[in-house]
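These numbers come from the heavy atoms of this one structure, side chains and all, not from hydrogens, waters or symmetry mates.
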Amino acid sequence: MLAKVYVMPKEGVLDPQGQVVERSIHALGHPGVTDVRVGKVIEFSIEASTSAEAEFQIRQMCERLLANPVIEDYRLEILES
């Protein structure tokens, strides 16, 4: 199975990287761009007998390593092969 995990800063959490990107976009002549937030996408293959089992394993990975649950939210997609 192919898994994709999308990690973003939680609403209300300062995103300095997003602020820098937004300022740079404005400097390139696009002043209408606002509320830029920068996150990450993690894609990997996982072996599991069911989607539920894969989701359980991925959520454990997210809570322990891939996302900081204090300041980041995540969502996941599982694509069966």
Side-chain angles (χ1 to χ4, degrees):
M1 291 181 206
L2 178 66
K4 292 184 182 184
V5 177
Y6 302 87
V7 182
M8 293 294 290
K10 287 186 176 193
E11 290 293 327
V13 171
L14 182 65
D15 182 3
Q17 189 175 10
Q19 292 174 339
V20 169
V21 170
E22 184 173 322
R23 285 194 302 267
S24 297
I25 289 171
H26 292 172
L28 291 173
H30 304 283
V33 174
T34 61
D35 301 322
V36 175
R37 296 174 49 217
V38 175
K40 57 190 170 191
V41 177
I42 304 154
E43 182 177 300
F44 55 90
S45 294
I46 183 168
E47 290 185 23
S49 56
T50 65
S51 291
E53 179 186 333
E55 182 176 342
F56 177 77
Q57 290 182 40
I58 296 165
R59 288 194 184 282
Q60 284 187 325
M61 291 179 226
C62 289
E63 296 294 327
R64 294 179 176 176
L65 174 68
L66 301 178
N68 180 343
V70 175
I71 60 170
E72 295 174 317
D73 287 325
Y74 67 88
R75 68 179 175 84
L76 57 97
E77 291 180 8
I78 300 170
L79 308 168
E80 295 188 36
S81 47

For a quick test of your reading: what N or O donor-acceptor pairs under 3.5 Å do the side chains of residues 24-33 make, sequence neighbours left out?
residue, atom, partner, partner atom, Å
S24, OG, V20, O, 3.0
H26, NE2, V33, O, 2.6

Handout entry: Closest approach of V36 to E22 (non-hydrogen atoms, all atoms of both residues)
Key = N-OE1, 3.2 Å

Problem - Joint hydrophobic cluster, M8 plus L66, side-chain heavy atoms closer than 4.5 Å - result: no

Handout entry: Residue pairs, two or more places apart or on separate chains, that pass side chain to side chain donor-acceptor pair (under 3.5 Å) and touch residues 51-70
Key = S49-E53, S51-E80, E53-Q57, E55-R59, E63-Y74

Practice task
Please identify each residue that fulfils side-chain hydrogen bond (donor to acceptor under 3.5 Å, both in side chains) with E47, with sequence neighbours left out.
Solution key: none

Exercise for the section: Measure the CE-CG distance between M1 and L79 for me, rounded to the nearest 0.5 Å. Expected result: 10.5 Å

Exercise for the section: Give a yes or no on whether L76 and L65 share a hydrophobic cluster (residues Ile, Leu, Val, Met, Phe, Trp, Tyr; joining criterion: side-chain heavy atoms under 4.5 Å apart). Expected result: yes

Exercise for the section: Taking the side chain as every heavy atom from C-beta outward, state whether E77 and E43 have any atom pair closer than 4.5 Å. Expected result: no

Fill in the blank from the handout: Note: L14 and Q19 closest approach over all heavy atoms is CD1-NE2, 3.3 Å

Practice task
Go through R75 and D73 one step at a time and tell me if the side-chain contact (heavy atoms from CB on, under 4.5 Å) criterion holds.
Solution key: CA-CA 7 Å; R75 68 179 175 84; D73 287 325; over 6 Å; no

Practice task
Starting at CD1 of I42, measure out to CE of M61 and round the result to the nearest 0.5 Å.
Solution key: 10.5 Å

Problem - Taking every non-hydrogen atom, the tightest pair across K10 and E72 - result: CE-O, 3.5 Å

